[in-house]
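Letters go in sequence order (proteins before strands), and every chain restarts at 1.
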Amino acid sequence: MKKHSKYLVTAALPYANSFIHTGHIAGAYLPPDIFVRYKRLNDEDVIFISGSDEHGTAIEMASIAENVTPREIIDRYHFANKKSFEDLGINFDIYSRTSNKIHHDTAQEFFLNIYNKNILVQKTDKQLFSEKENRFLADRFVTGTCPVCGYEEARGDECSNCGSNLSPLELINPRSKITGDIPVIKESTHYYFPLGDYQEKLEKWLDSKKGWKQNVMNYCKGWLKAGLRDRAVSRDLDWGVKIPVKGNEGKVIYVWFEAPMGYISATKELFIERNEPEKWKDYWMNEDTKLIHFIGKDNIVFHSLIFPATLMAHGGYILPDNVPANEFMNFEGEKQSKSKGTGVFVKDITAKFDPDVIRYTLASNMPENKDSEFVWKDLQVKNNSELAGILGNFINRTVVFTKNKFDNRIPEIKTIPETGNDILAFFKSQSEKLNELYDTFKFKDALLLTMDCVRAANKYFNDSEPWKVINTDKEKCGEIIRVCLELCHSIAILINPFLPFSSERILKILNVSDKDLKWNKIGKTILTAGNELGKNRILFPQIEDSEIEIQVQASSGGETVKTVSPQTGIITIEDFKKVSLKVAKVIECVPVPKSKKLLKLKLNLGTSEKQIVSGISEFYKPEDLIGKLVVVVDNLVPSKLMGVDSEGMLLAAKQNGELKIVTIDGDIQTGADVN
RNA sequence: GCCGGGAUAGCUCAGCUGGUUAGAGCGUCGGAAUCAUAAUCCGUAGGUCGGGGGUUCAAGUCCCUCUCCCGGUACCA
């Protein structure tokens, strides 16, 4: 029965306005890749889908902020992220993107289907409209004075000063963030999806689900308990999938509604590429297919309530069989966050370390049950003591022994020694235990069990003492080494889901094809006596302290410093000239509400003023700083910290938990260049 | 404020419906071994399971309460 089911595995569509970081990988991409690889070793029918989510306000905002087209933004992140996945061996069958025509067609068909059934309801709201730009302004495009605290730069959805939730209509003196002009109030009609109508169906459906993770169920129950409400499915925006109904010019399908359909359009695209354009239905519309969504916890309600409801509304589609969401992976005690500039981008870490080492580190510490922690030191420790020490060493000692004592050829085996049979049987039984772990998404346990096999292999080598036996009985020694070589092959299979690159390298070293790279060959003898081994190579070179130190230092700059790429070395004067340093006087200084370390500073730079947010409140009180002359980076790309705009960076020295800001020795005019 | 989730050995984490001396990996310390990337193997030590109270023959596991962290959500007109 199980044999005949198909698997349709999806990984969350990353939003194309930032680079993916290790937290994303550990939470939503490595787990499905491991799962899919395991299934493939078992010859199961599985396809693995993901792609970039490329519409919505945030991308349009980014494009305006950078004065480029949205297309430039999404291209930048789409291709970078696609490459990041490839570099890490996350092997999607297709990594598509929602800006593709096929996705627009699919989403519009979906919308029309539901629209034609009169499922959608229309509501009219007052919204701010910019006559200059001739369009409605999304919440985040509006800025104005907060009616609660009087802060003049409040956003349309939230005041970043006092934290109040706002509607753009409440703002005093609202302005367009793009052009600065004053918008007018205009009515706009939108379509809503009546999620509440599906409450009962969803509850019943969820009740029938066995084996879902507790955290996933909890999130859903929370929402159901609160009652599901209508959700707008259209928006006044340029950038997105147009509403395919007349009279809705300037409106697009709300991104939350359209994005998950990206899984469907990506599947269509995949089978068009494979010249089987109808075959996607065999997955999406086939009850024998198990649809599994791998996501992070932020996405739970979309994948286990909202998207299923829209699938129900359309009809004909299967619903997810499981949604194994993970928690988050933090970074050295902090959230991995774009706005805070903390975390490790995949593009940076893959430039420096072996993808399998990264995969191993992330997998062994996956946030399966609760938020977990990525620590640089861990990468070194895992590599040196586990990958190199246990795994790499076993392969290496076996291969080197074969080379030195058996002419680099696979020894004959007449009878397998009893202890050899034991270890092979142990491998087999472990592989059976692993089946259950993989099927229940317990990948951390699976990794431990996998490494147990390698440990046992080392023990077999030790206990058998081939280096002694070689002196008395070469044939028997050959049999021991032969068993070890067979174990190497089994290990190549066992580690394949986690360490695909190393798995391949082991096959190369053994000089065999991948035809026996099948789960049911674990613990089997498959090598051919007399065959010569391939060239040996060290699978996991030691990672030195210095290599890790560089990373730790590069990413410990605190909130105001972006994690830098792992690059060191000498720069030219031209490089340095790119940085504009100026003397500035602190004229105002207040803590950022709700933040732990942030101070908001208003600075006088002689001819101009600017606002900088700096993570120094643990070291300085606001009143200590007012009037001080400080040094700032004047031409840093602006960013937001805790929702507060920051237009530069304050220089400070930091060491061992101490921090001192850079000040000027004596009097000089503010705005003076520093070099 | 309300809802949910955390707080377990030096570090990173497991502990299902309550049940013998609380587990794993890594690290520490000691020993064995020397084929191997100073890599392996064996053994040892390490925790009043965030604090306090309660239910029970029995609680890390259930209940109450407090502290701290993390999400979500509301209000603050």
*Asks:* Rounded to the nearest angstrom, tell me the gap between atom CG in A/Leu448 and atom P in B/rG15.
*Replies:* 12 Å
*Asks:* Which atom names give the shortest non-hydrogen contact between A/Arg37 and A/Pro500, and what distance separates them?
*Replies:*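 That closest heavy-atom pairing would be NH1-CB, 3.2 Å.
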*Asks:* Determine the Euclidean distance between corresponding P atoms of B/rC42 and B/rA24; express it in Å to zero decimal places.
*Replies:* 13 Å
*Asks:* What does A/Glu373 touch in the nucleic acid at a heavy-atom separation under 4.0 angstrom: a base, only the sugar-phosphate, or nothing?
*Replies:* sugar-phosphate
*Asks:* B/rG25 P sits how many Å from A/Leu362 CG, rounded?
*Replies:* 21 Å
*Asks:* Rounded to whole angstrom, note down the P distance from B/rG51 over to B/rA9.
*Replies:* 10 Å
*Asks:* Distance-only check: which donor-acceptor pairs under 3.5 Å involve side-chain atoms of residues 414-429 of chain A, not counting sequence neighbours?
*Replies:*
from: A/Ser429; atom 1: OG; to: A/Phe426; atom 2: O; distance (Å): 3.0

*Asks:* Please tabulate the protein-to-nucleotide N/O contacts below 3.5 Å involving nucleotides 6-11 of chain B, giving atom names and distances.
*Replies:*
from: B/rA7; atom 1: OP1; to: A/Lys370; atom 2: NZ; distance (Å): 3.1

*Asks:* Side chains of A/Asp356 and A/Ser503: closer than 4.5 Å at any heavy-atom pair?
*Replies:*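 A/Asp356 does not reach A/Ser503 side chain to side chain.
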*Asks:* Using a heavy-atom cut-off of 4.0 Å across all strands, would you classify A/Phe540 as base, sugar-phosphate, or nothing?
*Replies:* base
*Asks:* C1' atom, B/rG23 versus B/rG31: distance in rounded Å?
*Replies:*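 Result for the C1' pair: 25 Å, nearest Å.
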*Asks:* Tell me, do A/Cys484 and A/Phe394 make a side-chain contact under 4.5 Å, heavy atoms counted?
*Replies:*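 Yes. Closest side-chain heavy atoms under 4.5 Å.
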*Asks:* Measure from CG on A/Leu533 to C1' on B/rC35 and round the result to the nearest Å.
*Replies:* 15 Å
*Asks:* Using atom P in both nucleotides, what's the gap between B/rA45 and B/rG52 to the nearest angstrom?
*Replies:*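 Going atom to atom, P in each nucleotide, I get 27 Å.
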*Asks:* By the ring-ring contact (aromatic ring centres under 6.0 Å, His included) test, which pairs, at least two apart or in different chains, include something from residues 479-503 of chain A?
*Replies:* none
*Asks:* Which pair of non-hydrogen atoms, one from A/Asn365 and one from A/Glu373, has the smallest distance, and what is that distance?
*Replies:*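 Minimum heavy-atom contact is ND2-O, 2.6 Å.
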*Asks:* For B/rC3, take OP1 and OP2 only and decide whether either is under 4.0 Å from a side-chain N or O of A/Lys225.
*Replies:*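 Indeed not, no polar side-chain atom of A/Lys225 lies that close.
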*Asks:* By a strict heavy-atom criterion of less than 4.0 Å, which residues belonging to residues 379-411 of chain A are in contact with RNA chain B?
*Replies:*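 Contacting residues: A/Val381, A/Ser385, A/Glu386, A/Ala388, A/Gly389, A/Ile390, A/Gly392, A/Asn393, A/Asn396, A/Arg397, A/Val400, A/Phe401.
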*Asks:* If you measure from the C1' atom in B/rC76 to the same atom in B/rG1, how many Å do you get, rounded?
*Replies:*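 Taking atom C1' in both B/rC76 and B/rG1, they lie 10 Å apart.
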*Asks:* Which part of the nucleic acid, if any, lies within contact of A/Lys221, taking any heavy atom under 4.0 Å across all strands shown: a base, the sugar-phosphate backbone alone, or nothing?
*Replies:* nothing
*Asks:* Pick the C1' atom in B/rU44 and in B/rC3, then give their distance to the nearest Å.
*Replies:*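 Per the computed distance, 47 Å lies between those C1' atoms.
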*Asks:* I need the CG-C1' distance between A/Leu449 and B/rA14, as an integer number of Å.
*Replies:*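 After rounding, the reported distance stands at 13 Å.
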*Asks:* What is the distance, rounded to the nearest whole Å, between atom NZ of A/Lys442 and atom P of B/rG15?
*Replies:* 8 Å
*Asks:* Tell me, do A/Arg455 and A/Asn458 make a side-chain contact under 4.5 Å, heavy atoms counted?
*Replies:* no
*Asks:* Hey, does A/Ser364 reach any base, or is it just sugar-phosphate, or nothing, if we go heavy atoms under 4.0 Å?
*Replies:*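 Here A/Ser364 touches no strand at all.
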*Asks:* In dot-bracket form, how is RNA chain B paired, counting a Watson-Crick or G-U wobble pair only if both its distances are under 3.5 Å and using | for bases paired to another strand?
*Replies:* (((((((..((((.....[...))))..((((.......))))......(((((..]....))))))))))))....
*Asks:* For A/Arg537, what residues pass the side-chain hydrogen bond (donor to acceptor under 3.5 Å, both in side chains) criterion, not counting sequence neighbours?
*Replies:*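 Counting only residues at least two positions away or on another chain, A/Arg537 forms no side-chain hydrogen bond (donor to acceptor under 3.5 Å, both in side chains).
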*Asks:* How far, in whole Å, is B/rC49 from B/rU40 if one measures between their C1' atoms?
*Replies:*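 The answer is 34 Å between these two C1' atoms.
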